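Beneath this line is the structure, given in structure tokens, with notes to follow.
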Amino acid sequence: MDWYDDMRSRMRRGNEILFPKDSPLLRPLDAVIRTTDRRILVLWALDLAEDSVRYMESVMPNEKRPRDALNAARDWAFGKVRMGFARRRILDCHALSKELRDPCLIAECHAVGQACSVVHTVGHSLGYSIYDLTAQVHRYGPEDCRDAVESRAGMYLERLTYWRENADDGGDTWAKFIESSGKL
């Protein structure tokens, strides 16, 4: 079964998440994630989350929780705030999803939360993609999403390659708990 048939099957069953971790579409990305330094994954995830936050801001300009979560996660990664502060903002972003009816925005809230959580553990690295691809299906519709979803999946790999080659462009000094995780 290819990714599209699996996604359609999940939609018919009423699943909220339309892409499993072992989706054929995500296997190449997962393989690269497994060999990538934590700091690079943090930069990559926060970069991707920026896309989702901008989209949500364009649709809900007065809603600040996704931006607050992203800013707090960035500050946490660079040692400017503690985990508790960032965690609360990330949970607030996830909570926003319970207030929404649009499945695209709901998925984007979770995508941002997953990306921001990569600061805590790289186990969340694939989470952004799972939710963001789900959002793409809802945005374009299941019949017209194939090109958008496949393009987006390719973009994740392109951006990860960018950060692997340009990790020094990340900005500030890392928080000690990330800095101690190894060399780039």
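A quick note: this is a predicted structure, and the numbers were derived from the prediction, not measured.
Electrostatic pairing of D102 and R139 does not count as a salt bridge here, judged by no charged N lying under 4.0 Å from a carboxylate O. Between D5 and R10 there is no salt bridge, since no side-chain nitrogen of the basic residue lies less than 4.0 Å from a carboxylate oxygen of the acidic one. We find that R152 and D132 are joined by a salt bridge, their nearest charged nitrogen and carboxylate oxygen being less than 4.0 Å apart. In this structure, D47 does not pair ionically with R74, as no charged nitrogen and carboxylate oxygen lie closer than 4.0 Å. Of the charged side-chain nitrogens involved, none lies within less than 4.0 Å of a carboxylate oxygen, so that E108 and R54 do not count as a salt-bridged pair.
Figure legend: R146 and W3 shown as a cation-pi pair, the cationic atom lying under 6.0 angstrom from the six-membered ring centre and within 45 degrees of its axis. Judged by a 6.0 Å distance limit and a 45° cone about the ring axis, R89 is positioned over the six-membered ring of F85.
Between the side chain of Y4 and the main chain of P142, a donor-acceptor pair closer than 3.5 Å is present. One N or O on the side chain of T134 and one on the backbone of L18 form a donor-acceptor pair closer than 3.5 Å.
S129 approaches W44 most closely through the heavy-atom pair OG-CH2, 4.4 Å. Taking every heavy atom of both residues into account, G113 and I90 meet most closely at O-CG2, 3.8 Å. Taking all atoms of both residues into account, the shortest heavy-atom contact from H94 to S97 is O-OG, 2.5 Å.
Within a 6.0 Å sphere centred on CZ of R34, other residues, nucleotides and ligands contribute 12 heavy atoms or fewer.
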